[in-house]
Novice: 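Can you read through this structure? Questions will come right after.
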Amino acid sequence: MPQQEPLTVLASVDLRRAEALTDVLREMREDPAHNPVLPFGALRGWHFGRVLYLPPATGLEGEPLPPKLLLLGDCDGSARAQLEALVDVGGTNLDRLFGACEGYPSSPSRAARLAFLRKKSVATKANYVHRQGRTVEQILGERELRRALREFVARERLDGVPALEARRRIRAFVRETPRLRWALEPPPPLPLSFRAKNALHATTLPLGLLAFGPAIVPAVLFLLLLVRLEELRDEPEHLRPTPEHVHALTELEDWYAHNGFTAGGFVKPGWVRQAVIRSVLPLIGWGTRHLFTRDSLAGVKTIHFARWIPLDDYRRVVFASNYDGSLESYNNDFIDLVAWGLNLVFSNGLGYPKTRWLLFGGATLEQEFKDFLRRHQIPTPVWYSAYPDLTAVNIERNAELRAGLSGFMNERKAKEWLRLL
Amino acid sequence: MAQAALKAWPTGVKGKKNLPPLTGDKLVRECGLPIAELAVDAADVQGLVFRGYGALPECCYPLLRIEEPERGRAFVRAIVDRVSRGVPAARTVAVQIAFTSLGLSALGLPQSILQQFSRPFLEGMVGAHRSRFLGDTGESSPKRWEWGGPSTPPVHVLLMLFAESAPRLEELLAEMRRTWEAHGLSEIRILRTNPALLGKEHFGFADGISQPAIEGYHPVSSRLHLVKPGEFLLGYVNEYGLYTERPLVEAALDPFGSLPLDVEGSPRRDLGRNGTYLVFRQLRQNVVAFRETLDALTRNPDGSPNRQAREYLAARMVGRWPSGASLVEAPHGDDPTKARNNLFRYHHEDRDGLKCPIGAHVRRANPRDALAPHPGSERSLEVNRRHRLLRRGRTYGPELAPDAVDGEDRGLMFIALNANIVRQFEFVQHSWLVDPRFNGLYGEADPIVGMDEQNAFTATIDPVPVRCTGLPRFVTVVGGAYFFMPGIRALRFLGRLPTDTKASS
């Protein structure tokens, strides 16, 4: 099974051509899966996709920040290969989408488009995948499996049958049904090369700490002290989002089992926050890659994918995720389960609720935190999901159902497994 | 000094029932304690927050419209002394009053103050996103509502009248009508309730059993249902240890000093304190469809009805037996001796929903300790306490005799009180009741109030889950609005709003 990689294309937009771009985005939003510009549904192995336009802004020191176009994909296999697929599927239509970007080839060929997209691709510092190795194909297949098994169980009246016998009949049904037979085998493991690379990467943090620990520890403590001093001076204003902004966001929300979340903001001025954000993102990247790899981001089980993207050389940061249920429940999970994690990154953002020692306070100031996120949220009309009816927990249960088709079980285990149906 | 101050706090009020308790402000002056640490200022809170008036079975809800600000304020001034407070408890009749945001605006409350109320209250219960979110679609769509919808007259004021007998209620209603007519308010409609069905709903089940208890007011024996007052009253600490957002008023705008001080110490006055948001939804229950559906699902192989199986399936959909006994405590049959037991939890007793299905109505409306983080733990309950509601609804319409069929309108006047509509009512309604993927389920909205047209429900697990599919809608929303039910001092403030505040905003 291939791994999942984040695809990020980030390009500056020529202001003169920005208007035409908004028309293109409007066209795409009508039907993200099948629109003629970039039909996400035609891209094999794309779990989620979105396109964002960030209007021109003014930096904290008054410097102009050009408008940007951001294309994000959560894809099976390598992002490099997916970029090629993108060029093939998009074809000349990509010219309409990226034509407004600075540096886009004037007479684009396939190779020129690919070269442009490669050039504008950004390596992600911190990326979370709900379960590494679970492909779109597997998720959709296991959804079909559940449907078929539910129908079978209802048809055959398996209630009252001993659990092992029920399982035996279900397995026989799967074996006799050609379109389901694949499910008798567990999904193949991640490619060896990926696992080897990952294992190597896992050692970087502990090795780094070991090697540079004597220098790093005092440096971290010193930095933390400086952060604390800044925190004491920090008096963020509690502002509520405007009704118009909330309306622009809610219009796009709660149509499916999950929503796309995109938020962005400025990093607080000064080198201290720069140092913190530049070290925290790789640290989080390490954590999401090696610690939070089994269906839970520090206790939150409703996030499919999430990533942090620095913009303008870390003057701004964008956070993009795909979460189950409503924004309110997402925010509540943040506050109740992983406030420290949110604080670690977002408290470097301008206007974030007051924190203590980088980890405490902040998100636990419920209303202020929710208003902060809402205010920084960016409406994302062009957003695509390959399985809009499934929550991460649904996907997990479907995978367990499939896994239980193979291997040995006793009566008790079989009983537990049947409850997944 | 602090010790002495603490002792000054009247710990037991037993035997001193007629003694008015010290109010928050007075206690601060006399004991030097910050208000937050004190009990609830019940004399300034409308009594409905603390009690459902079970001893006053007769009840109706007039919906009114204010035609002119000054006359509306005169109405508030005329009625404020009739409004029932937390203490002393109303004995024979009770009057409560609440306003929509349009109503507050119609009284002349400046926009600068109004905009500080919570977003759903300001936006109202209807609106494309909110309707989608709350499941108010199809037959429940607001455009079909009998009141509170986009095509019906705007509601400004909700009166809630309670009385011990029918004549007393009519007397009270007549008196109130004289008052509102004298002040030029127009009557939109009077919502009537059925006194014979107190504590019971039309599908045949005891209702309103599980209620949170307000810390600082209700005496309780278990922490399970004990919730911080700030979850139900503005101006008090909530379950996050914080104050929920609430409208604060510059002292200059309160020249009569009607309002309490801001507990957080700003120089402003607290218009929200001792007030609460009241969620009102008129839910029509299709009892005939409910019975027929259950009947069809539980027939014997020979086609004859199976009454026992029908009752069992209904109980599993509700999560309780008709008496109110929980399926967790009485998994095999109704047990009226357990009707009032409300200390059960779900995780350790019934993790997989073998006794009480995961999708059962009461298990969704309040999952207790069943959800993350760490189901079965105190942490789970701690998070659960942030999503509790005080329910104060009443049944309306005639009871349908067993096996009878008619076309009468019947249902529930659903009333819930909470301090944060988004985190409490709307979260429960969307994430727990309407969402068909609640707690790992797939394609199963709440079997009783779930809004899906093609609903499903996993009734038993033996050993495979047995699902009922194609369940129709049993409950339709036919009216509703978000109200604010102010404290008594806030009412006085509203009644004395200066005439020209609108201009000053």
Side-chain angles (χ1 to χ4, degrees), chain A residues 143 146 150 153-154 156-164 166-167 170 238 240-241 243 246-247 249-255 257 299-302 324-326 328-329 331-333 335-337 364-368 370-371 389-391 393-394 396-398 411 414-421, chain B residues 115-116 118-119 122-123 127-130 132-134 238-246 351-354 358 372-374 379-380 382-384 386-387 420 422-424 426-427 429-432 434-443 456 458-469:
Chain A
R143 179 176 71 184
R146 163 180 297 277
R150 275 189 169 178
V153 162
E156 297 292 309
R157 304 298 311 245
L158 286 185
D159 38 311
V161 175
L164 275 175
R167 180 171 182 253
I170 290 171
H238 180 181
R240 283 167 65 165
V246 173
H247 185 256
L249 292 162
T250 54
E251 213 184 4
L252 306 165
E253 268 169 23
D254 305 312
W255 292 96
V300 183
K301 298 183 179 178
T302 51
D324 294 324
S326 71
E328 175 68 14
S329 85
N331 282 352
N332 289 334
D333 282 350
I335 300 168
D336 297 335
L337 306 175
T364 62
L365 300 168
E366 182 214 356
Q367 207 112 38
E368 209 179 323
K370 287 176 180 172
D371 285 342
D389 60 322
L390 296 176
T391 65
V393 174
N394 289 151
E396 180 58 26
R397 286 173 70 99
N398 292 351
E411 180 77 11
K415 251 185 180 167
E416 277 184 15
W417 176 73
L418 289 171
R419 285 172 201 163
L420 291 166
L421 269 168
Chain B
Q115 289 306 321
Q116 299 177 54
S118 85
R119 198 169 52 81
L122 294 174
E123 291 175 352
H129 173 255
R130 181 150 287 120
R132 178 165 80 237
F133 194 74
L134 298 177
N238 64 23
E239 282 289 338
Y240 279 109
L242 302 167
Y243 294 93
T244 304
E245 65 180 352
R246 62 205 182 282
R351 190 194 67 184
D352 295 318
L354 301 181
I358 304 281
H374 312 296
R379 278 278 290 129
S380 173
E382 194 183 304
V383 171
N384 180 263
R386 294 166 185 158
H387 308 289
N420 186 333
V422 180
R423 171 158 57 79
Q424 293 168 275
E426 290 191 344
F427 176 90
Q429 176 73 14
H430 173 82
S431 300
W432 289 355
V434 174
D435 190 348
R437 302 136 195 129
F438 164 77
N439 199 10
L441 297 174
Y442 182 71
T458 300
T460 53
I461 300 176
D462 174 35
V464 295
V466 178
R467 285 158 58 87
C468 315
T469 54

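Computed from a prediction, not measured in an experiment: that's the story for all the values here. Residue numbering restarts at 1 for every chain, and letters A, B, ... go by the order of the sequence lines.
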Novice: Looking at B:Arg132 and A:Glu253, does any basic side-chain N land under 4.0 Å from a carboxylate oxygen?
Specialist: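 Salt bridge: no.
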
Novice: Please classify the contact between B:His374 and chain A as side chain, backbone, both or neither, with a heavy-atom cut-off of under 4.5 Å.
Specialist: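 Contact with chain A is absent: no heavy atom of B:His374 under 4.5 Å.
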
Novice: Give a yes or no on whether the backbone of A:Leu420 and the side-chain of A:Arg146 come within a donor-acceptor separation of less than 3.5 Å.
Specialist: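 Yes; at least one donor-acceptor contact below 3.5 Å.
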
Novice: Determine yes or no for a side-chain-to-main-chain donor-acceptor pair under 3.5 angstrom, with A:Glu328 supplying the side chain and B:Phe427 the backbone.
Specialist: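 The answer is no, because no donor-acceptor pair under 3.5 Å joins these two groups.
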
Novice: Give, as side chain, backbone, both or neither, the part of B:Arg130 having an atom under 4.5 angstrom from any heavy atom of chain A.
Specialist: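 No part of B:Arg130 comes within 4.5 Å of chain A.
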
Novice: Side chain, backbone, both or neither: which part of B:Thr460 has an atom under 4.5 Å from a heavy atom of chain A?
Specialist: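 Neither part.
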
Novice: May I ask you to decide whether B:Arg379 forms a salt bridge with B:Glu382, counting only side-chain N to carboxylate O separations under 4.0 Å?
Specialist: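 So B:Arg379 pairs with B:Glu382 through a salt bridge.
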
Novice: So which part of B:Asp352 gets closer than 4.5 Å to some heavy atom of chain A, the side chain, the backbone, both or neither?
Specialist: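 Only the side chain of B:Asp352 comes within 4.5 Å of chain A.
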
Novice: Mind ranking B:Glu123, B:His387, B:His129, B:Arg119 by heavy-atom pairs under 4.5 Å with chain A and telling me who comes out on top?
Specialist: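 Most heavy-atom pairs under 4.5 Å with chain A: B:His129.
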
Novice: Does B:Asn238 reach the side chain of A:Glu366, with side-chain heavy atoms less than 4.5 Å apart?
Specialist: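 Sidechains of A:Glu366 and B:Asn238: in contact.
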
Novice: For A:Arg157, is it the side chain, the backbone, both, or neither that has a heavy atom closer than 4.5 Å to a heavy atom of chain B?
Specialist: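 Contact with chain B involves no heavy atom of A:Arg157 at all.
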
Novice: Is chain A contacted by the side chain of B:Asn439, its backbone, both, or neither, given a heavy-atom distance below 4.5 Å?
Specialist: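 Neither part.
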
Novice: Taking it one step at a time, do A:Asp389 and B:Tyr442 satisfy side-chain contact (heavy atoms from CB on, under 4.5 Å)?
Specialist: CA-CA 9 Å; A:Asp389 60 322; B:Tyr442 182 71; 2.4 Å; yes

Novice: I'd like to know if the side chain of A:Arg167 and the backbone of A:Glu411 have a donor-acceptor N/O pair within less than 3.5 Å.
Specialist: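 Flag not set: sc A:Arg167 to bb A:Glu411 has no pair under 3.5 Å.
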
Novice: Of the backbone (N, CA, C, O) and the side chain (C-beta and beyond), which part of B:Leu354 lies under 4.5 Å from a heavy atom of chain A, both, or neither?
Specialist: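 B:Leu354 touches chain A through side-chain heavy atoms alone.
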
Novice: Measure B:Gln115 against the heavy atoms of chain A and call it side chain, backbone, both or neither at under 4.5 Å.
Specialist: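 Answer is backbone: N, CA, C or O of B:Gln115 sit under 4.5 Å from chain A.
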
Novice: Is B:Val466 close to chain A through its backbone or its side chain, or both, or neither, when contacts mean heavy atoms under 4.5 Å?
Specialist: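 Answer is side chain: those atoms of B:Val466 sit under 4.5 Å from chain A.
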
